[in-house]
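Okay, structure first, notes after.
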Amino acid sequence: MNKEVEWRPQEMPALIISRIARMLARLDDEGLREIGISVAQLPVLVALKNGEMLTQKELAVIAGVEQPSMAQLLARMERDGLIRRSPDPNDKRSSLICLEPEAYRRLEPGRDVLRGTNGHALAGLTPDEVRVLTELLHRIHANLAGD
């Protein structure tokens, strides 16, 4: 059988998930921009939301990005008054990063944006369908994270 005839990207779950992820990120970024935060900042905000103080290296690992990318992100967040750096008493070459009060003021409105996008994306699905979808997505993530 001709492989070109079999090629149906619209039926490939991985490509559908990728397309949906880009759409969700765009919608979230649009809503979060009005609040003064971005999707890229979410891993940092979540990691530090309970008053934690972490290093740039730890935040890079949590976010799954390289250190130079995290350094740029943190520089923008510091410029915008969202984070503060303090000397790390255990490592003079490193800083501990924590959230500033301004970041805390933006967290709940940011959560509202994410809840809204999530609700829009899942509209028409039953709670059982959402549960099954979530379980399947976790399994796909685990498959890829194991690589």
Side-chain angles (χ1 to χ4, degrees), residues 1-86 94-147:
M1 184 178 279
N2 183 347
K3 289 186 179 189
E4 279 301 310
V5 173
E6 297 172 20
W7 176 250
R8 297 175 194 261
Q10 69 276 13
E11 295 174 13
M12 295 178 71
L15 294 178
I16 296 168
I17 291 168
S18 178
R19 190 170 51 239
I20 291 169
R22 286 191 305 275
M23 291 170 68
L24 291 171
R26 184 181 47 78
L27 290 170
D28 284 339
D29 255 340
E30 288 171 3
L32 292 172
R33 189 175 309 118
E34 295 175 16
I35 297 162
I37 56 179
S38 70
V39 168
Q41 295 171 344
L42 292 176
V44 173
L45 295 169
V46 169
L48 302 176
K49 70 180 170 48
N50 292 321
E52 293 83 356
M53 297 182 77
L54 300 173
T55 65
Q56 175 180 306
K57 182 177 182 179
E58 291 169 320
L59 290 168
V61 169
I62 289 168
V65 299
E66 298 294 324
Q67 286 240 32
S69 298
M70 182 54 66
Q72 291 175 348
L73 179 68
L74 293 175
R76 287 190 302 272
M77 292 179 78
E78 188 172 32
R79 177 200 67 203
D80 295 342
L82 299 176
I83 62 160
R84 180 179 69 247
R85 299 175 198 253
S86 304
S94 186
S95 297
L96 291 174
I97 297 148
C98 66
L99 295 184
E100 287 280 37
E102 183 57 33
Y104 287 106
R105 284 191 283 280
R106 297 179 191 189
L107 284 176
E108 195 54 37
R111 288 180 184 127
D112 288 341
V113 167
L114 298 175
R115 285 184 197 108
T117 303
N118 191 64
H120 181 62
L122 299 176
L125 299 180
T126 68
D128 279 342
E129 290 170 328
V130 171
R131 182 187 51 74
V132 168
L133 174 62
T134 302
E135 289 171 2
L136 292 171
L137 291 171
H138 281 297
R139 286 172 51 192
I140 292 169
H141 181 265
N143 289 344
L144 297 174
D147 290 348

For the residue pair [X] and [Y], what are the closest heavy atoms and their distance?
X	Y	result
Gly110	Ile35	N-CD1, 3.6 Å
Ser95	Arg85	CB-CB, 4.0 Å
Ser18	Arg22	OG-NH1, 2.8 Å
Ala71	Gln56	CB-NE2, 3.6 Å

Handout entry: Ser38: side-chain contact (heavy atoms from CB on, under 4.5 Å) partners, not counting sequence neighbours
Key = Asp29, Ala40, Gln41

Completion exercise
For Arg76, the side-chain contact (heavy atoms from CB on, under 4.5 Å) test, sequence neighbours excluded, returns Gln72, Leu73, Arg79

Under the side chain to side chain donor-acceptor pair (under 3.5 Å) test, residues paired with [X] that sit two or more places apart:
X	value
Asn118	none
Arg19	none
Arg115	Glu108, Asp112

Handout entry: Derivation and outcome, side chain to side chain contact (heavy atoms under 4.5 Å, CB included), residues Thr55 and Ile97
Key = CA-CA 6 Å; Thr55 65; Ile97 297 148; 5.9 Å; no

Cut-off 3.5 Å, no hydrogens considered: what does the side-chain donor-acceptor table look like for residues 42-54, sequence neighbours left out?
residue: Glu52; atom: OE1; partner: Asn50; partner atom: N; Å: 2.9

Exercise for the section: Please step through side chain to side chain contact (heavy atoms under 4.5 Å, CB included) for the pair Glu78 and Leu74, ending with a clear verdict. Expected result: CA-CA 6 Å; Glu78 188 172 32; Leu74 293 175; over 6 Å; no

